[in-house]
Amino acid sequence: MTINTDLKILGNANKQVWGSSHPKNIFIRSIKRIGKNKTLGAFRVMQGEGMGFSWVTLTTALPVCAQLTALHSGKEIHGQIVKSRKNADVPLLNSLMDMYAKSGEIGYCKKVFDRMHNRDLTSWNTMLAGYSINGQINEAWALFDEMIRSSIKPDGITFVALLSGCSHSGLTSQGQRLFNAMEDYGEQPSLEHYACLVDILGRSGKLEEALNVAENIPMRPSGSIWGSLLNSCRLHGNVPLAEIVAKRLFEIEPNNPGNYVMLSNIYANAGMWEDVKRVREMMAMTGIKKDVGCSWIQIKHKIHTFVAGGSTNFRRSAEYIKIWNELSNAIKDLGYIPNTSVVLHDVNDDMKATWVCEHSERLAAVAALINTGAGMPIRITKNLRVCGDCHSWMKAVSKVTKRLIVLRDTNRFHHFQNGTCSCKDYW
DNA sequence: ATAGGGTTAG
């Protein structure tokens, strides 16, 4: 059955009912489970057929835009809200804020927040988490203070947002103090908060302290506790601890490919190629496959996806080669040289340079440069974390092209502008 | 109906 016939059937049913159980809303929700791209497509078809929408429809469609970084579509929905001249309710504005925050447009997010007549705890938490993932930790703290001054009682989500923000901006002691102060605000730390604390300590290099916390958590530890610690071992090159941590982690999450890759990276960084091989064999034996690294951009209504090393037709196209060569020359003058140490494989340097230059976010960046007007910001979303060399490359490219590049990875943002990044290189 | 924790080699 096509989307169109579904919509026709739905369009004739219960025209008057507009609650969350309205068929239109159930339709959008069920499509959402099938695929994000399909949801936005279905929503557009609904609009094309003059079917209208309720606030619930939009509140279901906006999180899809948020997840996809489909800012273009999200803005269109915002336009629909404005055009309808009705007062949007709190959940709708909350999801609108979140869509802006997850598209890296924290300014718009704040604007919506400021103009809300009523706010609930979700509004505050959304704003706070938005600051946090966009690396604006000072603004997050200021908002938290304002929350407390306004006698709004924070909940567990509030603390997750702030603690993870501290962790990613290197506010180690401040994060620790907040964790210890949680009970003063009437919140008992849960596993999620312990995971943040372990991350705060480990990321800043306090590996022993982090291990101590992880081992004494008064509840059954989750994969994210040991996963965070393993990542900290990777950041600080601690192989012996990594081996202890990995053992615990694999007991909890034997099927998470990321964990194996991380351990393999730790060995590769230390030049322990035999152990790298051993981890790979472990993966091959259990049939675990790494997720493919991919990046995407939205141009008009279409989402364009790029896979590392793939998209051969695109990489061979004249327009790609032209832009790539121009960029390469310009950033070389800035002093950019591919840092091949991020390619953790036992191959020669030329091969490494080739691989690192084919990471999906670079392909997406070139495509965005080709398909968007001069001076327009470039928004890229990646399903994995960015590698160190792509981070340097983006900085250089933002400078030579005079473009703002907003790169969102699994859960954080990098805003590159004029050769620097909002994360201040702590990540 | 809306907000939340670590991470992915070739």
Side-chain angles (χ1 to χ4, degrees), chain A residues 19-22 25-26 28-29 32 54-63 66 88-99 101-102 120-130 132-133 155-165 167-168 190-200 202-203 210 214 222-235 245 249 253 256-269 276-277 279-280 283 288-294 308-309 342-347 351-352 354-355 358 382-387 409-411:
Chain A
S20 70
S21 60
H22 187 278
N25 299 325
I26 289 171
I28 284 288
R29 286 208 295 275
K32 191 176 163 186
S54 72
W55 288 161
V56 178
T57 321
L58 303 188
T59 311
T60 311
L62 276 168
D89 61 10
V90 175
L92 177 55
L93 293 176
N94 288 347
S95 57
L96 185 65
M97 279 171 62
D98 194 48
M99 182 280 296
K102 293 214 170 82
D120 60 10
L121 186 54
T122 301
S123 322
W124 289 87
N125 284 345
T126 303
M127 192 66 237
L128 206 55
S132 194
I133 56 174
D155 68 356
I157 297 175
T158 317
F159 288 104
V160 167
L162 254 186
L163 287 169
S164 72
S167 176
H168 285 265
S190 70
L191 197 54
E192 289 92 330
H193 305 106
Y194 279 100
C196 290
L197 181 61
V198 169
D199 199 56
I200 286 170
R203 215 178 268 274
S222 62
S224 58
I225 302 276
W226 297 111
S228 158
L229 203 45
L230 187 61
N231 181 46
S232 296
C233 292
R234 179 182 66 87
L235 290 171
V245 170
L249 181 58
E253 288 184 343
N256 183 339
N259 297 337
Y260 292 86
V261 175
M262 199 137 61
L263 181 61
S264 150
N265 281 352
I266 292 168
Y267 285 134
N269 254 327
V276 171
K277 206 175 134 204
V279 175
R280 279 189 204 157
M283 287 181 78
I288 293 167
K289 286 209 168 60
K290 179 195 169 289
D291 292 347
V292 176
C294 81
V342 299
V343 176
L344 301 169
H345 201 265
D346 205 4
V347 294
M351 202 59 202
K352 285 182 177 183
T354 309
W355 275 338
E358 287 173 1
K382 187 178 184 185
N383 68 336
L384 307 173
R385 301 228 63 184
V386 191
C387 84
D409 64 23
T410 35
N411 48 16

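Since we're looking at a predicted model, the values are computed, not measured. Chain A is the first sequence line, chain B the second, and so forth, proteins listed ahead of strands; every chain is numbered from 1.
In this entry the distance linking CG of A:Asp98 with C1' of B:dA1 reads 13 Å, nearest Å. B:dA3 atom C1' lies 9 Å from atom CG of A:Asp155, rounded to whole Å. Atom pair A:Asn265:CG and B:dT8:P shows a separation of 8 Å (rounding to whole Å applied). The distance from atom NE2 of A:His168 to atom C1' of B:dG5 is 9 Å, rounded to the nearest whole Å. Whole-Å rounding puts the A:Leu96 CG to B:dA3 C1' distance at 14 Å. The distance between atom CD1 of A:Ile200 and atom C1' of B:dG4, rounded to the nearest whole Å, is 14 Å. Note: CZ (A:Arg234) to P (B:dT7) measures 8 Å, nearest angstrom. We find that CG of A:Asp120 is positioned 14 Å from P of B:dG4, with the value rounded to whole Å.
Distances from the side chain of A:Glu192 to the nucleotides B:dG5, B:dT8, B:dA1 place B:dG5 closest. Listed nucleotides B:dT2, B:dG4, B:dT7 differ in distance to A:Asn256; the shortest reach to its side chain belongs to B:dT7. Minimum atom distance to the side chain of A:Ser164 is reached by B:dG5, of the listed B:dT7, B:dA1, B:dG5. The listed nucleotides are B:dT7, B:dG5, B:dT2; the one nearest the side chain of A:Asn231 is B:dT7. Of the candidate nucleotides B:dG4, B:dT8, B:dG6, B:dT8 has the atom lying nearest to any side-chain atom of A:Pro257. Taking the side chain of A:Asn259 as heavy atoms from C-beta on, and the options B:dG5, B:dT2, B:dG6, the nearest nucleotide is B:dG6. In the set B:dT7, B:dA1, B:dA3, B:dT7 carries the atom at the smallest distance from any side-chain atom of A:Asn411. Nearest to the side-chain atoms of A:Thr122 among the listed nucleotides B:dT2, B:dT8, B:dG4 stands B:dT2. The nucleotide whose nearest atom lies closest to any side-chain atom of A:Thr59 is, among B:dT2, B:dT8, B:dG5, B:dT2.
With sequence neighbours excluded, no residue satisfies ring pair (Phe, Tyr, Trp, His ring centres under 6.0 Å) with A:Trp226.
Nucleic acid contact for A:Leu128: none, since no nucleic acid atom lies under 4.0 Å from a heavy atom of the residue. Residue contacts for A:Asp199: at a heavy-atom cut-off of 4.0 Å it reaches the sugar-phosphate backbone alone, with no base atom in range. Here A:Met283 lies in heavy-atom contact (under 4.0 Å) with a base. Note on A:Ser222: a base of the nucleic acid sits closer than 4.0 angstrom, heavy atoms only.
Between the A:Ser232 side chain and the A:Arg203 main chain, a donor and an acceptor come within less than 3.5 Å of each other.
Dashed line: the shortest gap from a side-chain N or O of A:His193 to OP1 or OP2 of B:dG4 is not under 4.0 Å. Residue A:Arg280 places no side-chain N or O under 4.0 Å from the OP1 or OP2 atom of B:dT8. Within the structure, a side-chain polar atom (N or O) of A:Lys102 is placed less than 4.0 Å from OP1 or OP2 of B:dG4. Phosphate contact (OP1/OP2 of B:dA3, side-chain N/O of A:Asn125, threshold under 4.0 Å): absent.
The base of B:dG6 lies outside donor-acceptor range of the side chain of A:Ser224, with no N or O pair under 3.5 Å.
Contact check for A:Asp291 versus A:Pro257: side-chain heavy atoms found under the 4.5 Å cut-off.
For the 3.5 Å distance criterion, the side chains of A:Ser95 and A:Asp98 fail to qualify, holding no donor opposite an acceptor. In summary, the side chains of A:Ser167 and A:Asp199 do present a donor paired with an acceptor at a separation below 3.5 Å, with no hydrogens or angles considered.
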Verdict with supporting geometry, A:Asn231 and A:Ser228, side chain to side chain donor-acceptor pair (under 3.5 Å): CA-CA 5 Å; A:Asn231 181 46; A:Ser228 158; over 6 Å; no
